[in-house]
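Report on one structure; see the data block that follows.
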Amino acid sequence: MRRIRNDLIDSYDEELEMELEDRTVAELTGEETQGHSAQDKERRRQYFRELFRLQGELVKLQDWVVGTGHKVVILFEGRDAAGKGGVIKRITQRLNPRICRVAALPAPNDRERTQWYFQRYVSHLPAAGEIVLFDRSWYNRAGVERVMGFCTDEQYEEFFRTVPEFEKMLVSSGIQLIKYWFSISDEEQHLRFLGRIHDPLKQWKLSPMDLESRRRWEEYTKAKEIMLERTHIPEAPWWVVQAVDKKKARLNCIHHLLGQMPYAETEHPAIVLPERVRHEDYVRHPVPQDIVVPEIY
């Protein structure tokens with residue numbers, strides 16, 4: 001119950017992060033909240049301070065990517081409820097969605113199943129000055145497709161033969177490819193699933209596939225071990241994020257990501273707000289009341 005309670009608190013923290021962007025750390029952490037020890041409060045304060053600092057560095061990284069024309073692809077892989085979506089939210093939260101975008105592809109349709117396996121991912125690759133975060137990627141074939149029987153043995157082996165060459169081609173074309181695996185324990189995934197089951201706002205995150213993944217924990221473990229062993233290449237190595245503690249995982253992943261590029265702060269000219277142009281012959285017309293949204297609140 002304590003672990004589930006902490007997970008709920010973390011969810012509340014997430015809402016604070018997303019909605020209260022201009023508050024101080026003290027306001028965000030709720031100094032007057034009852035039931036939290038001084039150690040808990042200090043830990044949350046430190047988390048927010050470091051998160052905001054790292055997000056400031058991500059903005060600098062974004063400016064550097066745009067200025068240099070760098071191209072970045074970041075893959076986020078891991079078990080269901082491992083925290084991939086949480087770190088993606090923190091990375092993109094304060095960045096320009098036209099520069100840093102997320103690719104979260106659904107299951108392939110009938111037409112896509114007949115295409116070259118990597119074809120539907122290629123269309124999401126970045127142009128110069130762009131960052132693309134894949135919330136799951138072509139490694140679906142080595143994980144869920146293998147475990148759930150959605151691909152044949154021949155397709156599975158073909159994937160391992162071709163994916164190193166595919167990734168080498170991406171790197172040689174000028175794309176920086178960074179691959180993260182989020183690692184959690186059996187117990188932690190169990191608790192996170194319970195948290196989703198009992199939270200009406202998160203039940204949508206539980207698909208039948210997610211529930212089946214619990215039953216096949218060991219099969220997913222074997223598939224993950226084979227995947228890391230066969231696709232860890234010098235051009236695009238795997239990086240494992242210890243994700244049992246979600247807050248630490250977010251900070252560690254963002255800190256590591258920043259260290260993968262030699263970015264520097266970009267100088268910007270001072271911004272001057274121009275005077276508004278006014279015309280004496282212009283009269284603003286009132287908005288018809290029948291199209292105004294009722295002010296209930």
Side-chain angles (χ1 to χ4, degrees), residues 1-21 23 27-30 33-36 40-41 43-44 47-48 50-52 54-55 74-95 97 100-107 133-137 139-140 143-144 147-148 180-217 219-221 224 241-254 297:
M1 291 303 297
R2 181 180 61 83
R3 296 286 292 277
I4 293 175
R5 172 179 172 274
N6 288 339
D7 190 63
L8 289 173
I9 291 172
D10 182 74
S11 298
Y12 302 150
D13 287 350
E14 178 176 326
E15 297 306 316
L16 289 170
E17 292 170 32
M18 299 298 168
E19 297 180 18
L20 305 179
E21 297 188 348
R23 305 295 184 89
E27 288 175 303
L28 280 170
T29 54
T33 304
Q34 299 296 318
H36 299 296
D40 286 340
K41 292 178 181 177
R43 184 160 47 244
R44 293 173 74 194
Y47 166 71
F48 280 116
E50 193 61 14
L51 176 65
F52 296 156
L54 291 172
Q55 288 179 329
I74 310 169
L75 310 186
F76 294 88
E77 294 287 345
R79 297 179 187 274
D80 298 312
K84 302 179 295 297
V87 73
I88 289 172
K89 284 181 181 178
R90 274 64 181 191
I91 291 172
T92 60
Q93 185 177 355
R94 303 178 193 280
L95 301 184
C100 180
R101 67 179 188 273
V102 179
L105 277 62
L133 285 63
F134 279 90
D135 186 354
R136 296 196 181 277
S137 67
Y139 282 100
N140 276 341
V144 63
V147 174
M148 302 303 296
Y180 288 114
W181 174 269
F182 280 69
S183 178
I184 57 172
S185 65
D186 187 353
E187 177 192 14
E188 184 63 24
Q189 188 190 53
H190 177 72
L191 289 169
R192 292 184 187 181
F193 275 10
L194 287 179
R196 291 180 177 184
I197 288 171
H198 295 291
D199 185 347
L201 299 180
K202 289 189 174 182
Q203 285 181 0
W204 63 269
K205 292 185 175 184
L206 280 176
S207 69
M209 202 74 65
D210 297 335
L211 298 175
E212 181 63 19
S213 73
R214 276 299 300 158
R215 193 172 69 83
R216 305 194 187 200
W217 171 272
E219 294 177 58
Y220 271 96
T221 299
K224 180 258 298 187
V241 180
Q242 300 299 332
V244 170
D245 186 317
K246 289 194 286 189
K247 285 186 168 68
K248 289 183 179 179
R250 294 165 191 162
L251 299 181
N252 288 331
C253 183
I254 296 173
Y297 301 100

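Throughout, residue positions are numbered sequentially from 1 according to the sequence presented. Because the structure is a prediction, the values reported are computed rather than measured.
Inter-residue side-chain proximity for Gln93 and Ile91 is flagged as unmet; no heavy-atom pair is nearer than 4.5 Å. Side-chain contact check for Leu51 versus Ile254: some heavy-atom pair is nearer than 4.5 Å. With a 4.5 Å cut-off on side-chain heavy atoms, Lys248 and Tyr47 do not count as touching. Contact of the Arg79 side chain with the Thr221 side chain is registered, since non-hydrogen atoms from C-beta on lie closer than 4.5 Å. Side-chain contact between Arg250 and Lys89 is absent, with no heavy-atom pair separated by less than 4.5 Å. In this structure, Ser137 and Phe76 have side chains that are not in contact, with every pair of non-hydrogen atoms separated by 4.5 Å or more. Within the 4.5 Å cutoff, no side-chain heavy atoms of Phe182 are placed close to those of Glu77.
Here Ser183 pairs with Trp181, Val240, Gln242 under the side chain to side chain contact (heavy atoms under 4.5 Å, CB included) rule; sequence neighbours left out. In this structure Asp210 satisfies the side chain to side chain contact (heavy atoms under 4.5 Å, CB included) test together with Asp80, Phe193, Leu206, Ser207, sequence neighbours excluded. Every residue two or more places apart in sequence or in another chain that forms a ring pair (Phe, Tyr, Trp, His ring centres under 6.0 Å) with Tyr139 is listed here: Phe159, Trp238. Applying the side chain to side chain donor-acceptor pair (under 3.5 Å) criterion to Arg214, with sequence neighbours excluded, gives Asp186, Gln189. Under the side chain to side chain donor-acceptor pair (under 3.5 Å) criterion, Tyr180 pairs with His256, not counting sequence neighbours. Applying the side chain to side chain donor-acceptor pair (under 3.5 Å) rule to Glu188 yields the partners Arg3, Arg192; only residues at least two apart in sequence or on another chain are considered. In this view, Arg101 and Glu130, Val132 satisfy the side chain to side chain contact (heavy atoms under 4.5 Å, CB included) rule, not counting sequence neighbours. The salt bridge (Lys or Arg N to Asp or Glu O under 4.0 Å) test applied to Glu50 returns Arg53, not counting sequence neighbours. Legend: residues meeting ring pair (Phe, Tyr, Trp, His ring centres under 6.0 Å) with Phe134, ordered by chain and number and at least two apart, are Trp138. In this structure Asp135 satisfies the side chain to side chain contact (heavy atoms under 4.5 Å, CB included) test together with Lys84, Ile88, Val102, Ala104, sequence neighbours excluded.
Under the 3.5 Å distance criterion, the side-chain polar atoms of Arg90 are matched with a main-chain donor or acceptor of Gly86.
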(Q) Apply salt bridge (Lys or Arg N to Asp or Glu O under 4.0 Å) to residues Arg196 and Asp199 and explain how you reach the verdict. (A) CA-CA 5 Å; Arg196 291 180 177 184; Asp199 185 347; over 6 Å; no
Q: Assess whether side chain to side chain contact (heavy atoms under 4.5 Å, CB included) is satisfied between Met148 and Arg216, documenting all intermediate values.
A: CA-CA 9 Å; Met148 302 303 296; Arg216 305 194 187 200; 4.1 Å; yes
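Residues Ala249 and Ala243 come closest through the heavy atom pair CB-CA, 3.7 Å. The shortest non-hydrogen separation linking Cys100 to Leu133 is SG-CD1, 3.5 Å. When every heavy atom of Met209 is checked against every heavy atom of Val144, the shortest pair comes out as CG-CG2, 4.2 Å. Contact detail for Cys253 and Val87: the closest heavy-atom pair is CB-CG2, 3.9 Å.
Atom CD of Glu187 has 12 or fewer neighbouring heavy atoms from other residues, nucleotides or ligands inside a 6.0 Å radius.
One finds the OH atom of Tyr220 at 11.0 Å from the CZ atom of Arg215 (value rounded to the nearest 0.5 Å).
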